Amino acid sequence: KLSTSWSLLVSLAVASNLSPVAGFVVPQHSTDRAIFSNNVPTVRHVGYANSSTERMLFFGYGSVIAAKVTKKLTKNFISRKFDDFIHKKRVQIRERAIDRVKDLLRGKIDDFAIDQMLASMDVSNSTEAFFENDLDDLFTTFLCSSAPPALIDQNNEPFTSKDFTDLNEDGGERFDLGWERTGDGFDDWKKDFIPAEIVEISNGLTISRIRVDSIYGPATARKDLKLEITKNSVIFPLEDKIAFFESKEQFTTILKDVKLNGGSDGGASPDPYPEDDWGDKTSDEHLARFFFRGIGASLLERQTGESSRPELGPVEIDMDFMKGLSVREGFREYGAKVYFDSNQKPTGIYDGHKDKLFLPGDDGWEGAKYLAKSSALTLTTAREHLLMSHLLCSNYLSFASIKHLPPSHPIRRLVNVFTFRTNNVNDNSFATLVPTNGWFHRGTSLEHQSLRAVFESGFETSNIFEPFPKRNMIPELKTMSESGDLPYHKEGVEYYTIVEDFVRSWLTKAGDAATDEYAQAFYEEIRESTIGQEYTLPPFENMESVVQVLSQALFIVTCYHEIIGTIIDYTNDLNMGYRIVADDADGNPATQTDAQSFLIWSIITASTALKVPMLMKPYKKYFGKNGAPRWERKEWAWFQMSLRRQSRRVKKSSKERKGNTQFLFFDPKRFESAISV
């Protein structure tokens, strides 16, 4: 077929009186040949055939030439195809052989490495058997053997609030990053080199950051290497191991053995609030608490109109878009719509992937509750916590301050307290939680392109710099807030108002510095970072512009971060998790998390226990010291007095709530001065 087709095409081309012979030489003598260079015909223009006789002669010559050319091309074509076939077969055989050897060696090496890691840990026989036989995962074993001791050691020598000062041990300025002294005066500064870089989070989404921290210095090559190793797909391939704990006693023993128990018991993890009582975390009441008095409350403001199923109540938490996020084999998709009545009672959960509405008491209701909480945990941790609070808010608060404000500037003097360790923390977040094969990627079931999609949509829908009291709340939620039944909103607004009053007073004391060229450049840097987000900061107008952006940023890194960053109450229980195993052979849905994901998130949770100076501290070694104006101490003292009053109000309200009506997150005494992991 090939030969016939080539002969016909070439003959027709040669015989045509309308087309030049392209690619072939029409011989004038019998000795002429087609010219080939590396088996590719060269093009030579040969004119046109005008008469019928010429066309017949051309056609004859064309047939002869076509036959010869076709024979040569066919031979070359078949030869190349055969060579390609043999080459591919050799490559396939070699790759299969290498894979078999790799599998054999990999298994042996992994088993040996796991044995060595476990031998370095003082664990029980049952824990050792679990890691070797049930889990059998090198990455998770590595994290559990290396991370907890490192976190405990780091917390044994914290830079505590009582030592918080603007002077380091060598007597130089601690908060002079990005600036250089020009004299001995308090205000003698000029801009210096700023070690900034741009990092891509997802397609088209980039973040500017500074990898040097005012307290902890620059990121070291040693630290980078350690973190890079955990993402290396050759050393630690992404292998999902679906195994489950047999009982609460088993995972409690394992957590204690690997030192992932609470800090009060000698472990690396944070302790839950001691007075907290979550009760039965599988109950309907707990579901309501999760979404109205827990991390899920941050999703309430996403409802902009009437519920899509008003017969189920006015409140709808819509995470249905998550069903479109691809997940890895062995797991099911995220996504759900959760409905509540005006009494905050759950009335239904719509599973978009199954296209089915589950009502309380239905078969599958328990699985639907696990789906709803797991979807919310995964979404809020990726979007509200990691992206919006860390990478967009605290990161740009620190970045803009270092880039545009001299160390003596009143705004930077204030921001220093609220960006303690921020660059260091966010650098670790970039390295461990954002990338492919990172801890977040491994701990959830999302394909990495799906995680990137969450980041992209999270940026586009971000309202992180919108003042909290002005955020959307449907009328029914506002009514709950006014009556005290939605403390997330009521106490959040009260705290925001305290911060706003404090910031306004601070900037008033600052005088012209509150609106000088440095202040405007600081504001504009943050404003530019919000372009493309759902809420974009307005252009600079006056001091109130700075009041709004500072008040919201300080609210986020203290109060808001307390509720979305305190995840120990969710990661210490099997009935909540970040992965949803696919339905079993009988169609039964998952109702608890798998062991591998549980342990990875226990490590991530432990990293949130690193100590940060608390907000309610006088900082006498910082404010008003070393040439700073004395009014700093008076303004901070007034702020502290307001926080103490608010703390008493919150405690009083908390005592009136029992069980699943508790809300303990917004007591200012719990707030850290800056965002931690």
Side-chain angles (χ1 to χ4, degrees), residues 164-199 206-220 391-427 430 465 503 506-507 509-531 537 539-543 545-547 549-550 553-554 557 622-629 632 674:
F164 196 80
T165 174
D166 63 346
L167 298 181
N168 62 25
E169 295 176 358
D170 299 325
E173 276 71 14
R174 183 179 291 278
F175 300 109
D176 62 352
L177 187 58
W179 295 77
E180 179 184 355
R181 271 206 173 277
T182 58
D184 297 329
F186 182 67
D187 295 316
D188 294 338
W189 297 95
K190 70 175 183 179
K191 276 194 174 184
D192 194 9
F193 172 72
I194 300 174
E197 67 179 35
I198 298 175
V199 182
T206 57
I207 303 290
S208 299
R209 65 168 180 168
I210 297 175
R211 297 198 68 203
V212 182
D213 189 84
S214 296
I215 304 297
Y216 291 89
T220 64
L391 306 186
L392 298 183
C393 182
S394 72
N395 175 67
Y396 277 106
L397 178 65
S398 173
F399 183 85
S401 173
I402 292 170
K403 182 177 179 180
H404 297 292
L405 301 175
S408 60
H409 197 281
I411 296 177
R412 181 162 180 176
R413 293 280 301 165
L414 178 61
V415 169
N416 283 339
V417 179
F418 293 91
T419 54
F420 177 91
R421 199 184 197 162
T422 289
N423 291 355
N424 176 266
V425 165
N426 287 340
D427 187 60
F430 273 111
F465 280 103
V503 169
W506 183 279
L507 293 179
K509 289 288 186 180
D512 293 340
T515 56
D516 63 12
E517 59 181 307
Y518 300 114
Q520 292 187 44
F522 165 79
Y523 179 88
E524 188 60 28
E525 184 73 44
I526 297 179
R527 192 189 78 82
E528 287 182 2
S529 75
T530 66
I531 295 174
L537 284 168
F540 179 88
E541 293 184 359
N542 49 41
M543 188 183 80
S545 298
V546 184
V547 169
V549 73
L550 267 183
L554 304 192
V557 302
Y622 177 72
F623 288 119
K625 301 290 286 186
N626 304 299
E632 287 185 349

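Computed from a predicted model, the values in this text were never measured in an experiment.
Trp189 contributes atom CH2, which lies 12.5 Å from atom OH of Tyr518 (distance to the nearest 0.5 angstrom). Summarising the geometry, atom CG belonging to Leu414 is positioned 9.5 Å from atom OG belonging to Ser401; distances are rounded to the nearest 0.5 Å. With rounding to the nearest 0.5 Å, the separation of CG in Asp188 from CD in Glu180 is 12.0 Å. A distance of 9.5 Å separates CG in Asp187 from OG1 in Thr182, rounded to the nearest 0.5 Å. Rounding to the nearest 0.5 Å places OG of Ser529 at 11.5 Å from CG of Leu391. Distance check, rounded to the nearest 0.5 Å: CG of Leu177 to CD1 of Ile402 gives 4.5 Å.
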Check against side chain to side chain contact (heavy atoms under 4.5 Å, CB included), Leu554 and Val503: CA-CA 9 Å; Leu554 304 192; Val503 169; 3.9 Å; yes

Checking Arg413 against Tyr622 for the side chain to side chain contact (heavy atoms under 4.5 Å, CB included) test, could you report, in this order, the C-alpha distance in whole Å, the side-chain angles of both residues, the deciding distance, and whether it holds? CA-CA 9 Å; Arg413 293 280 301 165; Tyr622 177 72; 3.4 Å; yes

Evaluation steps, side chain to side chain contact (heavy atoms under 4.5 Å, CB included), between Ile194 and Ile210: CA-CA 8 Å; Ile194 300 174; Ile210 297 175; 3.7 Å; yes

Walk me through whether Lys191 and His404 qualify under side chain to side chain contact (heavy atoms under 4.5 Å, CB included). CA-CA 8 Å; Lys191 276 194 174 184; His404 297 292; 4.0 Å; yes

Run the salt bridge (charged side-chain N to carboxylate O under 4.0 Å, His left out) test on Arg181 and Asp176 for me, step by step, so that the C-alpha distance in whole Å, both residues' side-chain angles and the decisive distance to 0.1 Å come before the verdict. CA-CA 9 Å; Arg181 271 206 173 277; Asp176 62 352; over 6 Å; no

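A heavy-atom distance below 4.5 Å is found between the side chains of Phe522 and Leu550. Side-chain contact between Ile411 and Leu507 is present, with at least one heavy-atom pair separated by less than 4.5 Å. No side-chain heavy atom of Val547 sits less than 4.5 Å from a side-chain heavy atom of Trp506.
When all heavy atoms are compared, the tightest approach of Cys393 to Ala553 is SG-CA, 3.8 Å. In this structure, Ala514 and Ala519 approach most closely via the heavy-atom pair O-CB, 3.3 Å. Closest approach of Phe186 and Pro629 over heavy atoms only: CE2-CD, 4.2 Å. Residues Val417 and Ala674 approach most closely at O-CB, 4.0 Å, considering heavy atoms.
For CD1 of Ile198, the number of neighbouring non-hydrogen atoms (other residues, nucleotides, ligands) closer than 6.0 Å is 12 at most. More than 12 heavy-atom neighbours from other residues, nucleotides or ligands sit within 6.0 angstrom of CG on Asn542.
When each of Lys403, Arg412, His409 is checked for a side chain to side chain contact (heavy atoms under 4.5 Å, CB included) with Trp179, only Arg412 meets the rule. Of the options Asp427, Asn426, Asn395, a side-chain hydrogen bond (donor to acceptor under 3.5 Å, both in side chains) to Arg209 is made by Asp427 and by none of the others. The side-chain hydrogen bond (donor to acceptor under 3.5 Å, both in side chains) test with Ser398 is passed by exactly one of Asn423, Asp213, Asn416: Asn423.
For the pair Glu632 (side chain) and Phe623 (backbone), a donor-acceptor distance under 3.5 Å is absent. Here the side chain of Tyr396 pairs a donor or acceptor atom with the backbone of Ser208 at under 3.5 angstrom. A donor-acceptor pair under 3.5 Å is absent between the side-chain atoms of Tyr523 and the main chain of Thr515, judged by distance alone.
For Arg527 and Phe465, the positive end is not near the middle of the six-membered ring at less than 6.0 Å and at most 45° from its axis.
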